[in-house]
Colleague: 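Sharing a structure below in structure tokens format, with a few things to ask.
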2 protein chains.
Amino acid sequence: MQRVEVLKSIAHPVRIRILEELLKGVKCVSDFEDFLEISQPNVSQHLSLLRRQGLIDYYMDGRLRCYFLKDPIIPDLLEILTKDYIEELPAPACCPVSKRGTYPGARKH
Amino acid sequence: MQRVEVLKSIAHPVRIRILEELLKGVKCVSDFEDFLEISQPNVSQHLSLLRRQGLIDYYMDGRLRCYFLKDPIIPDLLEILTKDYIEELPAPACCPVSKRGTYPGARKH
DNA sequence: GTGATATATGCAAATATTATTATACTTGCA
DNA sequence: TGCAAGTATAATAATATTTGCATATATCAC
């Protein structure tokens, strides 16, 4: 499943911050190095993973590599992740639809 | 970060299928056991992780545990994951906004 | 060419996740 | 009370991810 791979790529504290920054605009490796408090090789490793997954890409600018967002699912996902959800989903009305269930459906939990 | 934890919970082929099924309605453990081809303890472990994260909950019905969706972010996330994105995001117009970058911005990549 | 800057890569160690197995708990029913 | 169905938990083994470090590559300025 492609979707799971995308999710796994985003589901990391460093990579989600990288993506959030890229949502604001183009950034090069040393820009990330400044505000993420990790080593340059580690930044590169995360960027390279995101690129392997096709989520971002870069262009060369002198000796800088300028990274930018590529996969359109990213802005949508990031937006949902910042959204405030106040209410829980409504609890199911009653009685499970289960092949084994002819039980009355009394909620004891 | 809470969001990363949520993403990690969803970013697994079994758990994403569990959540998709729960989107359709209530299901008990043995229901999952049937269509996911994994062992009962493994199903329980995934369910229990999802519950620890507050994404799902259950009620007792006889000796069945009937699981249901609880966190409203799930339907939104699942929807985006099934959406078709045809176009890539537009490439950035020009020239990086980088504190080091006064480079001309020629794209050599 | 030489040196400095910007970034990537390879590999091993540390850590986290997942599946498996065996066992325990709980409920309903005879 | 005792047994079976449904499910959970604990311990462990297998696997994947992440990080740190040393080193490599590429480009620019001189």
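Remember, it's a predicted structure, so these values are computed and weren't measured experimentally.
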Colleague: Between atom CD in B:Gln53 and atom P in C:dT17, what is the gap in whole Å?
Modeller: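 Rounded to the whole Å, the gap is 10 Å.
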
Colleague: Please check the phosphate of D:dT7 (OP1 and OP2 only) for any side-chain N or O of B:Ser30 closer than 4.0 Å.
Modeller: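 For B:Ser30, the contact criterion (side-chain N or O under 4.0 Å from OP1 or OP2 of D:dT7) is met.
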
Colleague: I need the CG-P distance between B:Leu49 and D:dA8, as an integer number of Å.
Modeller: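 Taking atom P of D:dA8 as the reference, CG of B:Leu49 is at 13 Å.
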
Colleague: For B:Ser48, run the side chain to side chain donor-acceptor pair (under 3.5 Å) check against B:Gln45, B:Arg52, B:His46 and tell me which one passes.
Modeller: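 Of B:Gln45, B:Arg52, B:His46, side chain to side chain donor-acceptor pair (under 3.5 Å) with B:Ser48 is met by B:Arg52 alone.
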
Colleague: Atom CD1 of B:Ile18 to atom C1' of C:dA19: distance rounded to whole Å?
Modeller: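 For the pair B:Ile18 CD1 and C:dA19 C1', the rounded distance is 14 Å.
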
Colleague: Just the rounded figure in Å: distance from P of D:dT17 to NZ of B:Lys8.
Modeller: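 The answer, rounded to whole Å, is 12 Å.
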
Colleague: OP1 or OP2 of C:dT26 sitting under 4.0 Å from any side-chain N/O of B:Arg65?
Modeller: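 Result: no.
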
Colleague: Could you tell me the separation between the CG atom of A:Leu64 and the P atom of D:dC28, rounded to a whole number of Å?
Modeller: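 So the two atoms are 10 Å apart, to the nearest Å.
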
Colleague: Can you find a heavy atom in the side chain of B:Arg17 that is under 4.5 Å from one in the side chain of B:Phe32?
Modeller: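 In short, these two side chains do not touch, never coming nearer than 4.5 Å.
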
Colleague: May I have the distance from A:Asn42 (atom CG) to C:dA6 (atom P), rounded to whole angstrom?
Modeller: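 Distance, rounded to whole Å: 19 Å.
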
Colleague: Can a side-chain donor-acceptor contact be found between B:Tyr67 and B:Asp31 if the only test is distance below 3.5 angstrom?
Modeller: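 No, no side-chain donor-acceptor contact under 3.5 Å.
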
Colleague: If I take atom CE in residue B:Met60 and atom C1' in nucleotide D:dA8, what distance separates them, rounded to the nearest angstrom?
Modeller: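 It works out to 11 Å between those atoms.
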
Colleague: Are side-chain heavy atoms of A:Leu55 and A:Arg51 found at a separation under 4.5 Å?
Modeller: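 No, too far: nothing below the 4.5 Å cut-off.
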
Colleague: Tell me whether the count of non-hydrogen atoms from other residues, nucleotides or ligands lying under 6.0 Å of CD in B:Glu79 goes above 12.
Modeller: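 For B:Glu79, atom CD is not crowded (no more than 12 foreign heavy atoms under 6.0 Å).
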
Colleague: The side chain of B:Gln45 is closest to which nucleotide in this list: D:dT19, C:dT20, D:dT7?
Modeller: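 Among D:dT19, C:dT20, D:dT7, the one nearest the side chain of B:Gln45 is C:dT20.
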
Colleague: Which of these nucleotides, C:dT7, D:dT18, D:dA8, is closest to any side-chain atom of B:Ser44?
Modeller: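 Shortest atom-to-atom distance from the side chain points to D:dA8.
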
Colleague: Quick one: is C:dA19 close enough that its OP1 or OP2 comes under 4.0 Å of any side-chain N or O from B:His12?
Modeller: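 Checking C:dA19 against B:His12, a side-chain N or O does come within under 4.0 Å of OP1 or OP2.
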
Colleague: Less than 4.0 angstrom between a side-chain N/O of B:His46 and OP1 or OP2 of C:dT17, yes or no?
Modeller: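 No, no such contact exists.
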
Colleague: Set out, line by line, the N/O atom pairs under 3.5 Å between protein and nucleotides 22-25 of chain C.
Modeller:
none

Colleague: Is the phosphate of D:dA8 approached by B:Tyr67 (side-chain N or O, under 4.0 Å from OP1 or OP2)?
Modeller: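 For D:dA8, OP1 or OP2 has a side-chain N or O of B:Tyr67 closer than 4.0 Å.
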
Colleague: May I ask you to decide whether B:Lys27 forms a salt bridge with B:Glu33, counting only side-chain N to carboxylate O separations under 4.0 Å?
Modeller: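 Judged by the 4.0 Å cut-off on N to carboxylate O distance, B:Lys27 and B:Glu33 do not form a salt bridge.
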
Colleague: Check the side chains of B:Gln40 and B:Ser44 for a donor-acceptor pair under 3.5 angstrom, ignoring hydrogens and angles.
Modeller: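 There is such a pair (donor and acceptor under 3.5 Å, judged by atom type) between the side chains of B:Ser44 and B:Gln40.
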
Colleague: Looking at C:dC29, I'd like to know if its phosphate oxygens (OP1 or OP2) sit under 4.0 Å from a side-chain N or O belonging to B:Arg63.
Modeller: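 So the side chain of B:Arg63 is outside the cut-off, no N or O lying under 4.0 Å from OP1 or OP2 of C:dC29.
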
Colleague: A:Glu37 has an atom CD; how far is it from atom C1' of D:dG20, in whole Å?
Modeller: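 Rounding to the nearest Å, CD of A:Glu37 and C1' of D:dG20 are 17 Å apart.
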
